[in-house]
Every structure is written in C-alpha cells, then in structure tokens.
Amino acid sequence: MTAKYENVHWENRDGIAIITIDRPKALNALNMATMKELHALFAEAAHDETVDVIILTGAGEKAFVAGADIKEMAAMDTLSGRDWGRFGQAVTQQLEDAPQPVIAAVNGYALGGGCELSLACDFRYASENAQFGQPEVKWGICAGFGASQRLTRAVGPAMAKELLYTADFIDAQEALRIGLVNRVVPQKDLLETALATAKRIQKNAKVAVRATKRSVLAGQDLDQRNAIELEAQYFGICFATGDQTKRMQSFGKKK
C-alpha cells in the first residue's frame, strides 16, 4: 500500500496490515472525508497480495469510532441521507468482503457507525474500557451502515432489537456475554493480542483461510443444504493449490 491519507494511517507488519482511524480529538468520528479514505484504503488492502490479515483499530485510548459525524448529518435531507447511508453500507460491505480475515481491535467507544464498522470485521477483540451501542434513534434516525442486519446475525434478533430500540450502551463484559466480542483484554494488551491471533492465522494456508472466509460469509444467505454444497466447492478449490500438496506431504513424512 502506497497512498497517503489524512484521517487514517496504516502499517504492514510482515503481512499484517494495521489500519488505524486517526481523528482522536473527534473520537475518530466518521465524517465524509474519513469514509472516503477508508473506502480507498480498504480497496488497496484487499488487493495487496502481501497482506494476509487486517487489523482495524482507532487512534488513542478513548475511542475506536464514536459514530458518524452528527454535524455533517444534521444538514442532510431524505436524498442526501439515503446516499450517505448507501455509501456507509458500501464501505462496511467492502470491509466484510475483503479476502483477508479482518480483526477489529476496539479500544473504547464503538458507537453507531463505529459499531457497524466493527460488525463488518470477522471478529472483535475489546479493551476493558470498550463500549458498544447503536444510539441512532436518539438522534431521530435509524442505523444506516448495516447494523439492523449484522448486529442481528451477531447476537440474535431479540438482543439486537433491544440495543437498536433503546439506544443503550453496553460495556465490554456485556458485549462478551452476548457474543458481540470474542475477547476482552486490558487496554495495553489489545493490539498485541490481535497481532498474536493474526500471526496464528498467518501460519495457515492463505488459500484455505480465504476459502473458509468466503464459505462462511456466502453460506449465511443460503439454506443449509446449499451452503454445504458451496462449502464442497471451496473445499475442492483448495486441492488445486501447491500449498495443500506440500503441507499434506510434509505431514505424512513427519508421521
């Protein structure tokens, strides 16, 4: 990745791309400029064959992303609001569709669009001070970047409806209890914990990991019979790689 950005930054640590939303004074709120940069950066990362795993986080200790920029949204009408929602959905879908596994390292507030960004990642690790919520109904709008669907899939319809209807915030431990996050760790250990998991993923066959991600995501929209058939297709694709042959032969020799 080579492009320069004002509101986000990234680094490639031996095949692990760490993408950081960098507006700490604004609690990393998602204004249009930041979303455009994320759109470009996610596309760049997805097509970078040197990137095996992506970690998404926010700058500072207070927020992952505290939501979309309220000041910008206040002036929107029906058409511009719909376009903003569609653009946000395109960015979150782009993140979900990245061929690489994506880990959200949630370091503080993940509210509104921030929670929705984290939901577009494959899974989430949270610092002890993390808080999650979809407060849109407080501001006279509904969730617009995919929460009505992804949050429901993550924690179940009843819990998602409660969070969406009440606009309540939940802390990291409650997020862990309901299955919204995989782990809760001290703030100082958050990035290293995500990196350690990324490195374990990295040791596995790239084609197989990516095929597994596609099988899981695509299967969510299918009935079980067709989803399992899709799994068989991805399973077969893995046998066309030299990596599979080498790894299996190596296993046989060791045994």
Side-chain angles (χ1 to χ4, degrees), residues 21 27-30 35 38 56-58 62-70 72-74 76-98 102-184 213 216-224 226-227:
I21 300 167
L27 298 179
N28 301 319
L30 299 173
M35 289 293 281
L38 285 173
L56 179 65
T57 193
K62 293 183 178 180
F64 173 74
V65 171
D69 193 308
I70 300 294
E72 281 192 351
M73 289 194 293
M76 293 179 181
D77 59 16
T78 299
L79 293 179
S80 58
R82 183 187 63 191
D83 290 344
W84 173 233
R86 284 177 172 171
F87 183 57
Q89 290 171 5
V91 174
T92 53
Q93 189 64 53
Q94 180 185 33
L95 181 60
E96 184 176 275
D97 288 342
V102 184
I103 304 169
V106 180
N107 52 312
Y109 292 115
L111 308 176
C115 188
E116 288 169 308
L117 266 182
S118 77
L119 286 164
C121 299
D122 289 290
F123 51 89
R124 291 150 291 285
Y125 290 171
S127 62
E128 292 173 333
N129 69 323
Q131 292 193 54
F132 296 82
Q134 297 292 157
E136 288 88 351
V137 293
K138 283 186 177 181
W139 308 116
I141 57 175
C142 63
F145 291 2
S148 64
Q149 304 307 308
R150 291 193 181 95
L151 184 60
T152 299
R153 287 167 168 79
V155 303
M159 185 60 71
K161 288 174 184 177
E162 181 178 347
L163 293 171
L164 289 164
Y165 298 170
T166 64
D168 287 346
F169 296 174
I170 59 172
D171 63 19
Q173 289 300 329
E174 178 65 2
L176 180 64
R177 187 188 72 81
I178 67 175
L180 183 56
V181 303
N182 290 39
R183 297 190 191 182
V184 177
K213 175 171 179 174
V216 171
L217 290 176
Q220 290 176 345
D221 296 323
L222 301 173
D223 63 83
Q224 182 170 295
N226 285 312

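The shown structure was predicted, so the numbers you read here are calculated from the model rather than taken from an experiment.
Distance CG/Leu176 to CG/Asp171: 10.0 Å, rounded to 0.5 Å. The structure places SG of Cys115 at 7.5 Å from CD1 of Ile170, a figure rounded to the nearest 0.5 Å. Interatomic distance, Met76 CE to Ile141 CD1, rounded to the nearest 0.5 Å: 9.0 Å. Atoms CG and CG, on Leu38 and Leu95 in that order, are 8.5 Å from each other to the nearest 0.5 Å. Note: Ile103 CD1 to Tyr125 OH = 6.0 Å, rounded to the nearest 0.5 Å. Rounding to the nearest 0.5 Å places CG of Leu111 at 11.5 Å from CG of Asn28.
Looking at every heavy atom in both residues, Gly179 comes nearest to Val155 through C-CG1, 4.4 Å. Residues Ala172 and Val181 share a closest heavy-atom pair of O-CG2, 4.1 Å. Shown here for Pro135 and Phe169, the closest heavy-atom pair between the two residues is CB-CE2, 3.9 Å. When every heavy atom of Ala130 is checked against every heavy atom of Val106, the shortest pair comes out as CB-O, 3.8 Å. For the residue pair Gln89 and Gly146, the shortest heavy atom distance occurs at CG-N, 4.3 Å.
Pairs passing the salt bridge (Lys or Arg N to Asp or Glu O under 4.0 Å) check and including a residue from residues 108-137, sequence neighbours excluded, read Asp122-Lys213.
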For this session: Decide yes or no on side chain to side chain contact (heavy atoms under 4.5 Å, CB included) for Leu30 and Val91, but give the supporting numbers first.
Result: CA-CA 11 Å; Leu30 299 173; Val91 174; over 6 Å; no
* I would like to know whether Gln134 and Leu163 meet side chain to side chain contact (heavy atoms under 4.5 Å, CB included); could you show each step before the answer? => CA-CA 7 Å; Gln134 297 292 157; Leu163 293 171; 5.7 Å; no
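Side-chain atoms of Ser80 and Asp83 form no donor-acceptor pair, as typed in the model, at a separation below 3.5 Å.
Not counting sequence neighbours, Tyr165 has no partner by the ring pair (Phe, Tyr, Trp, His ring centres under 6.0 Å) test. Residues meeting the ring pair (Phe, Tyr, Trp, His ring centres under 6.0 Å) test with Phe132, sequence neighbours left out: none. Applying the side chain to side chain contact (heavy atoms under 4.5 Å, CB included) rule to Asp223 yields the partners Arg225, Asn226; only residues at least two apart in sequence or on another chain are considered. Listed by chain and number, the residues in a salt bridge (charged side-chain N to carboxylate O under 4.0 Å, His left out) with Glu96 are Arg150 (sequence neighbours excluded). Every residue was checked against the ring pair (Phe, Tyr, Trp, His ring centres under 6.0 Å) condition with Phe64, not counting sequence neighbours, and none meets it.
The closest donor-acceptor contact from the side chain of Ser118 to the backbone of Ala104 lies at 3.5 Å or more, if one exists at all. No side-chain donor-acceptor contact under 3.5 Å links Thr92 to the backbone of Ala120.
A salt bridge is defined here as a Lys NZ or Arg NE, NH1 or NH2 lying under 4.0 Å from an Asp or Glu carboxylate O, and Arg153 with Asp221 meets this definition.
Residues Phe87 and Phe145 are not in side-chain contact: their nearest non-hydrogen atoms beyond the backbone lie 4.5 Å or more apart.
For Gln220, the CD atom sits in a packed shell: over 12 heavy atoms of surrounding residues, nucleotides or ligands are nearer than 6.0 Å.
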